[in-house]
Amino acid sequence: MPLAFMSQKSILSMIFFVCLQVQQYLEPFQLSEANLRDVSARLSKDLDLGLGKNTHHRAAVKMLPTFVRATPDGTEKGDFLALDLGGTNFRVLHVRVVEEEQKVLKMDSQICAIPKEMMLGTGEQLFDHIAACLGDFLISQNLKGQTLPLGFTFSFPCEQKEIDKSILIRWTKGFNCSGVEGKDVVKLLKEAIRRRGDYDIGSVAMVNDTVGTMMSCGYKDQSCEIGMIIGTGTNACYMEEMRNVRRVEGEDGRMCINTEWGGFGDDGSLKDIQTEFDVVVDKTSINPGVHIFEKMISGMYLGEIVRLLLVRLAENKLLFKGQTSEALRTPGTFETKQVSGLENTQIILTKLGLKWNSVDCGVVRLVCDTISSRSADLCAAALATITNRIRTNRKLARLKTTVGVDGTVYRKHPKFSEKLRATVRRLAPECDITFLVSEDGSGKGAAMVTAVALRLAHQSRLLEDSDGEVREEEKDK
Ligand code: GLC
């Protein structure tokens, strides 16, 4: 009988019946609390491997030292430039840090699109484009002629040697420019600026977006010691005890570690929870075998997982009366913003050229909710691993901490943050976590890192000077 002639009750019972069958396909995505605890225990071991002096080079979770040793103390100030590359757009910002008000102000910013071909072109083209955008911005802001310090948020895994020396380990997300992996990104930027020869920049601080996010929240809330991104990609950083950072000299204090948790599973450790659909998403991506955890969680991949599932359900006659469409069979046509339910399901299905009824709509929503719930649960397991680690590091019975968060999936998905928080509470019951959504974290945070680095350099110069004075006085005696 056509649905139009069925009563609401019959439609509901039909949805229920179909959902029961669909459930078989969704089950592998529904991780139990025991599964999540197990994932967390595996990640915890991987964090140790990444930090270890003799194990880090083959660790899946890279645990990269950032050379950020301090969070803001509220005395930073000045004008900065910030660049932000790694999400959906490239941005240039002029940022002012105002000490009296403990505020980081975005004076102005400009978005420059990076064409898809450029994301896969040569490194020289990419950096020339960045330098050109920065040049245009300086003119528009009347800043040409000034040499402002610059924070560069570069959201890819980098082996940082110093705050201004950062070697790209590998591209992730949609980028794959030639001649950049294994090179110092600051040098490539400076060379591109030199090639132009019409402006200059001051000292540079390289920052991962997680670090920028943590630092931008840290000015407001000094207990912010974790930064987390759930957007195009996913990752987190946190303040680790120096004594555990075996690859960097020194035992005292803390250093921010960029975990690159997106790489969790790259050594096969998540094979048992990867579904056949995750395997296809990985195999058909531009970087197979890389960032397995990220591919189960982040915005760049959620839509594709859903699309593959919908195709399978249609093939098995559980959707769209067994019909698919050209668009549904084309990779990349189901976007993550559609997974989040922000767009009307009926409009999406029509746009995809599908013939649907209300039962289909119900099933599509169920699929989308299941995939985004798994993403939130996996992120929660990873975050709980970090908060539990910080608590154990500090031998605390309870940890009170703040996480700075950013990324479109976290910000825009209506149920994501709630689900994530509920799962973290279950997995890390001894941690009281406040979530602070960072406003413009990558931009303002990069400026903040630069400001903190300048403050520390200034303080150590003052210290050296006063040491000098003491020595001079001793000589006089
Ligand atoms: C990818 C990058 C990582 C970044 C994350 C979020 O995982 O490798 O550096 O922090 O995306 O943008």
Side-chain angles (χ1 to χ4, degrees), residues 1-30 88 116 174 230-232 275-282 284-285 295-377 408-416 418-419:
M1 189 191 332
L3 280 182
F5 300 114
M6 287 171 77
S7 71
Q8 184 118 24
K9 201 167 155 209
S10 331
I11 295 179
L12 282 178
S13 53
M14 197 164 151
I15 294 183
F16 181 72
F17 178 71
V18 175
C19 283
L20 268 185
Q21 297 187 56
V22 169
Q23 176 54 24
Q24 289 171 39
Y25 293 86
L26 299 183
E27 221 161 68
F29 291 94
Q30 291 156 336
T88 26
K116 243 209 158 88
I230 314 167
T232 310
T275 65
E276 56 174 306
F277 303 97
D278 296 308
V279 173
V280 174
V281 165
D282 175 44
T284 52
S285 67
K295 287 172 182 162
M296 299 167 89
I297 292 175
S298 75
M300 187 154 173
Y301 310 98
L302 290 184
E304 189 58 8
I305 305 177
V306 169
R307 186 191 70 80
L308 290 169
L309 250 160
L310 298 186
V311 170
R312 173 64 60 82
L313 291 173
E315 281 167 359
N316 292 351
K317 313 227 163 3
L318 289 166
L319 265 181
F320 317 127
K321 294 209 180 87
Q323 303 292 310
T324 57
S325 66
E326 172 93 38
L328 187 69
R329 287 191 305 274
T330 310
T333 45
F334 206 93
E335 291 173 51
T336 295
K337 63 172 187 262
Q338 299 168 338
V339 179
S340 60
L342 287 172
E343 266 185 37
N344 183 303
T345 312
Q346 306 175 350
I347 297 177
I348 301 166
L349 297 181
T350 307
K351 268 200 226 153
L352 285 172
L354 294 157
K355 293 211 173 60
W356 50 269
N357 60 32
S358 18
V359 179
D360 293 329
C361 278
V363 170
V364 171
R365 285 274 25 102
L366 180 67
V367 170
C368 290
D369 284 351
T370 307
I371 302 306
S372 29
S373 266
R374 180 185 68 156
S375 162
D377 275 346
T408 41
V409 175
Y410 186 90
R411 294 165 80 102
K412 302 245 168 90
H413 190 296
K415 292 187 233 150
F416 193 94
E418 205 182 297
K419 172 80 176 156

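Values in this document were obtained by computation on a predicted structure and should not be read as measured data. Values reported hereafter were calculated over all heavy atoms of this structure, with side chains retained and with hydrogens, waters and symmetry mates removed.
- Of all non-hydrogen atoms in Gly303 and Val339, the two that sit nearest each other are CA-CG2, 3.7 Å.
- Here the side chains of Val367 and Leu26 are in contact, with some heavy-atom distance below 4.5 Å.
- Residues Ser375 and Tyr301 have side chains not in contact (no heavy-atom distance under 4.5 Å, counting atoms from C-beta outward).
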Candidate pair Thr370 and Tyr25, rule side-chain contact (heavy atoms from CB on, under 4.5 Å), full reasoning:
CA-CA 11 Å; Thr370 307; Tyr25 293 86; over 6 Å; no
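- With hydrogens and angles ignored, the 3.5 Å screen pairs no side-chain donor or acceptor of Thr333 with any backbone N or O of Arg329.
- Not one N or O on the side chain of Asp282 forms a donor-acceptor pair closer than 3.5 Å with the backbone of Val279.
- With hydrogens and angles ignored, the 3.5 Å screen pairs a side-chain donor or acceptor of Ser325 with a backbone N or O of Leu352.
- The line from CG of Leu309 to CG of Leu366 is 10.0 Å long, rounded to the nearest 0.5 Å.
- To the nearest 0.5 angstrom, Leu319 atom CG is 9.0 Å from Asn357 atom CG.
- Judged by distance alone, with hydrogens and angles left aside, the side-chain atoms of Gln338 form a donor-acceptor pair with the main-chain N or O of Glu335 at under 3.5 Å.
- A donor-acceptor pair shorter than 3.5 Å cannot be found between the side chains of Ser340 and Lys412.
- Closest non-hydrogen pair, Ser372 versus Phe416, comes out as O-CE1, 3.8 Å.
- Here the SG atom belonging to Cys368 is positioned 11.5 Å from the CD1 atom belonging to Ile305, to the nearest 0.5 angstrom.
- Summarising the geometry, atom OG1 belonging to Thr336 is positioned 4.5 Å from atom CG belonging to Leu302; distances are rounded to the nearest 0.5 Å.
- Residues Phe277 and Val311 fail the side-chain proximity criterion, which asks for heavy atoms closer than 4.5 Å.
- Note that the CD atom of Glu304 and the OG1 atom of Thr284 stand 6.0 Å from one another [nearest 0.5 Å].
- Looking at every heavy atom in both residues, Thr232 comes nearest to Ser298 through O-OG, 2.7 Å.
- For the pair Trp356 and Thr345, the minimum side-chain heavy-atom distance is 4.5 Å or more.
- With a 4.5 Å cut-off on side-chain heavy atoms, Arg374 and Met296 count as touching.
- Across all non-hydrogen atoms, the minimal contact from Leu20 to Gln23 is O-CB, 3.2 Å.
- In this structure a side-chain-to-backbone donor-acceptor pair under 3.5 Å is present from Asn344 to Gln346.
- One finds no salt bridge joining Lys295 and Asp278 here, because no Lys/Arg side-chain nitrogen approaches an Asp/Glu carboxylate oxygen to under 4.0 Å.
- A salt bridge between Glu418 and Lys415 is absent, with no side-chain N of the basic residue lying under 4.0 Å from a carboxylate O of the acidic one.
- Asp377 has its side chain within reach of Lys419: a pair of non-hydrogen atoms, C-beta onward, lies under 4.5 Å apart.
- Taken from CD1 in Ile348 to CG in Leu328, the straight-line distance is 12.0 Å, to the nearest 0.5 Å.
- Although no hydrogens or angles enter the test, the distance criterion places no donor-acceptor pair under 3.5 Å between the side chain of Arg312 and the main chain of Arg307.
- Gly231 approaches Val409 most closely through the heavy-atom pair O-CG2, 3.8 Å.
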